[in-house]
**Q** 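Have a look at the structure that comes next, please.
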Number of protein chains: 2
Amino acid sequence: MPKSTFFRLPEERRARFVHEAIVEFADRTYAEASLSQIARRASIPKGSVYQYFEDKLDLYRWLLTEEAPRLKRAFVGKPSVEGDFWSRLEDFVERGMAFLVEHPRLARLSAAAADPTANPEVRGLHKSICEAGIQELRAVLEAGAESGALHASDLDVATRFVATIIGPGLTDVVLQELGAELHEVLASDSLRKRLGPKRRRALARQAVDFIRTGLGSAKPERRKEA
Amino acid sequence: MPKSTFFRLPEERRARFVHEAIVEFADRTYAEASLSQIARRASIPKGSVYQYFEDKLDLYRWLLTEEAPRLKRAFVGKPSVEGDFWSRLEDFVERGMAFLVEHPRLARLSAAAADPTANPEVRGLHKSICEAGIQELRAVLEAGAESGALHASDLDVATRFVATIIGPGLTDVVLQELGAELHEVLASDSLRKRLGPKRRRALARQAVDFIRTGLGSAKPERRKEA
DNA sequence: TCGGCATGCGACCGACCAGTCATATGACCG
DNA sequence: CGGTCATATGACTGGTCGGTCGCATGCCGA
């Protein structure tokens, strides 16, 4: 948790610091990321950083568990309740992809929970975040199973497969689509112009189709256009 | 590339060094891994390391592109050409899982290519390894498509989805299955006793079923037992 | 005006690292 | 024996880091 001083900071100073922290932690590993660097870039003396946070991990934890989720929620909004299970899932995936495109750095920060690291404390943090995400997705799929839309002999396993598809899998596909590397993407604030809603929708549909019907059978006729 | 001295080393010294290097790079990020640590643990003076390799990256590259693939090839053997496309894929997946279980550290080292990093040289190395893996898998799937077993509107996208399933996805599932964390697993030489061939086969089948039929339709009758 | 308190600040500390280098060792050769 | 060459060795350099500390600053209430 940030110290109280942090919340009493002049808005501009805090915003600048948080921005630079996100930039740093988004394009470097926890181990590689440097408080000194953040402080330098935000033009804030290093000593001050320790007035705001206990230590490096405290800042990282706050970003990962509070700030990034808050900003993501604000962007993604409430999950849709319209339509059948599969189109709801498609919406969900499309929203996630939109977040990735519009806020690459935040998306990368959110995804950092999957990064490996030798630091046990960071590992614990990452794990709890991953597990929460998995549980959330599991609940979604459970509902799908109850509605009869989805059939899985082992829902835990299925959940993890689906999670890797709509997480790293889709990210990989999007990067491929853009012909860019993660790091080029992190340098830009938004990729709006390079991957519009239409194409996103198409990719989301491809992902959901994959999850729904796999690759083993000829595709049924396309579902209604969005 | 290692320097020529490296290849002239007494077998025991080289083996010990390589072993400790694998241990170090398998459970830490490239940035976190330390040559000093490797040298200490192998009881080899640090200066000597630089008689064998140009620098840290040189060692890492050799491990990732030469040593790990060599050991992996030796373990997994030639891909099977028996049976239909889907059962061949299942074999392929099962072999990969067996490697993960029998040689967790080597598997982790091989998977390190997906790790993020701020170091551009390491990034380039990782990328080329990933890309090679994708191409290999793509060729497999292409054959499946030609044989009519597999249908994908966009094979590139499909390949990337499949890759994440049988890579991180399966690893995740296996860890879940073992109720262990990656780091606990890296501490042990082999998990033979905790995840035998039968269970592996079942998991491989689940993964391939997922890829083949997805989650949207009731499962067809089980294919023949292995 | 003064005192005290929150905060700003940056030099400093100890740790660790990648990589170098001068010196030492010892095998082989003439 | 002397010389040379590959190799071993570990102290050392320069750098970065996370984190601390003591002084400086400036606001607020009396």
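Naming convention: chains lettered A, B, ... in sequence-line order (proteins, then strands); numbering from 1 in each chain.
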**Q** Rounded to whole angstroms, how far apart are CG on Asn119(B) and C1' on dC17(C)?
**A**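 It is 14 Å, rounded to the nearest whole Å.
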
**Q** Could you state the atom-to-atom distance from CZ of Phe6(B) to P of dA8(D) in whole Å?
**A**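 In whole Å, dA8(D) P and Phe6(B) CZ are 12 Å from each other.
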
**Q** Near Phe92(A) CZ, under 6.0 Å, is it more than 12 heavy atoms from other residues, nucleotides or ligands?
**A**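 No.
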
**Q** Among residues at least two apart in sequence or on other chains, which ones pass side chain to side chain contact (heavy atoms under 4.5 Å, CB included) with Ala204(A)?
**A**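 So Ala204(A) forms a side chain to side chain contact (heavy atoms under 4.5 Å, CB included) with Glu90(A), Val93(A), Glu94(A), Met97(A).
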
**Q** Output every pair passing ring-ring contact (aromatic ring centres under 6.0 Å, His included) with a member in residues 164-190 of chain A, not counting sequence neighbours, ordered by first then second residue.
**A**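 Non-adjacent pairs meeting ring-ring contact (aromatic ring centres under 6.0 Å, His included): zero.
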
**Q** Could you work out, with side-chain hydrogen bond (donor to acceptor under 3.5 Å, both in side chains) as the rule, every residue matching Tyr50(B), not counting sequence neighbours?
**A**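 Once residues adjacent in sequence are excluded, Tyr50(B) has no partner under the side-chain hydrogen bond (donor to acceptor under 3.5 Å, both in side chains) criterion.
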
**Q** Nearest whole angstrom, please: distance from the P of dC21(C) to the OH of Tyr50(B).
**A**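 Going from OH in Tyr50(B) over to P in dC21(C) covers 13 Å.
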
**Q** Tell me which residues in residues 34-48 of chain A put a heavy atom below 4.0 Å from DNA chain C, sorted by number, or none.
**A**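 DNA chain C contact set from residues 34-48 of chain A: Pro45(A), Gly47(A), Ser48(A).
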
**Q** Can you tabulate the close N/O pairs, meaning under 3.5 Å, that link protein atoms to atoms of nucleotides 4-7 of chain D?
**A**
unit_1 : atom_1 : unit_2  : atom_2 : d
dA6(D) : O3'    : Arg8(B) : NH1    : 3.4
dT7(D) : OP1    : Arg8(B) : NH1    : 2.3
dT7(D) : OP2    : Thr5(B) : OG1    : 3.0
dT7(D) : OP2    : Arg8(B) : NH1    : 2.8

**Q** Sequence neighbours left out, what passes salt bridge (Lys or Arg N to Asp or Glu O under 4.0 Å) with Glu142(B)? Give chain and number order.
**A**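 With sequence neighbours excluded, Glu142(B) shows a salt bridge (Lys or Arg N to Asp or Glu O under 4.0 Å) to Arg138(B), given in chain and number order.
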
**Q** Quick one: does Glu32(B)'s side chain have a donor or acceptor within less than 3.5 Å of a partner on Thr29(B)'s backbone?
**A**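 Pair found, side chain donor or acceptor close to backbone of Thr29(B).
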
**Q** List in chain and number order the residues that pass salt bridge (Lys or Arg N to Asp or Glu O under 4.0 Å) with Glu20(B), two or more places apart in sequence or in another chain; answer none if no residue qualifies.
**A**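 Result, salt bridge (Lys or Arg N to Asp or Glu O under 4.0 Å) vs Glu20(B): Arg41(B).
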
**Q** With sequence neighbours excluded, what pairs up with Lys46(A) under the salt bridge (Lys or Arg N to Asp or Glu O under 4.0 Å) test?
**A**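 Not a single residue meets the salt bridge (Lys or Arg N to Asp or Glu O under 4.0 Å) criterion with Lys46(A).
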
**Q** Ser34(B): what forms a side-chain hydrogen bond (donor to acceptor under 3.5 Å, both in side chains) with it, not counting sequence neighbours?
**A**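 Not a single residue meets the side-chain hydrogen bond (donor to acceptor under 3.5 Å, both in side chains) criterion with Ser34(B).
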
**Q** With the threshold set at under 4.0 Å for non-hydrogen atoms, list the residues of residues 12-33 of chain A touching DNA chain C in residue-number order.
**A**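 Residues of residues 12-33 of chain A that come under 4.0 Å of DNA chain C are, in numerical order, Arg13(A).
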
**Q** Round to a whole Å and report the spacing from CG of Asp58(B) to P of dA18(C).
**A**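 So the CG-P distance, Asp58(B) to dA18(C), works out to 14 Å.
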
**Q** Rounding to a whole Å, what distance do you find between Leu59(B):CG and dG19(C):P?
**A**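 Rounded to whole Å, this separation is 10 Å.
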
**Q** Donor-acceptor pairs are to be reported for all side-chain atoms of residues 164-174 of chain A against protein atoms at under 3.5 Å, with residues two or more places apart or in another chain.
**A**
unit_1    : atom_1 : unit_2    : atom_2 : d
Thr164(A) : OG1    : Phe161(A) : O      : 2.9
Thr171(A) : OG1    : Gly167(A) : O      : 3.0
Asp172(A) : OD2    : Arg160(B) : NE     : 3.3

**Q** Identify, with sequence neighbours excluded, every residue that meets salt bridge (Lys or Arg N to Asp or Glu O under 4.0 Å) alongside Asp27(B).
**A**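 So Asp27(B) forms no salt bridge (Lys or Arg N to Asp or Glu O under 4.0 Å) with any residue.
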
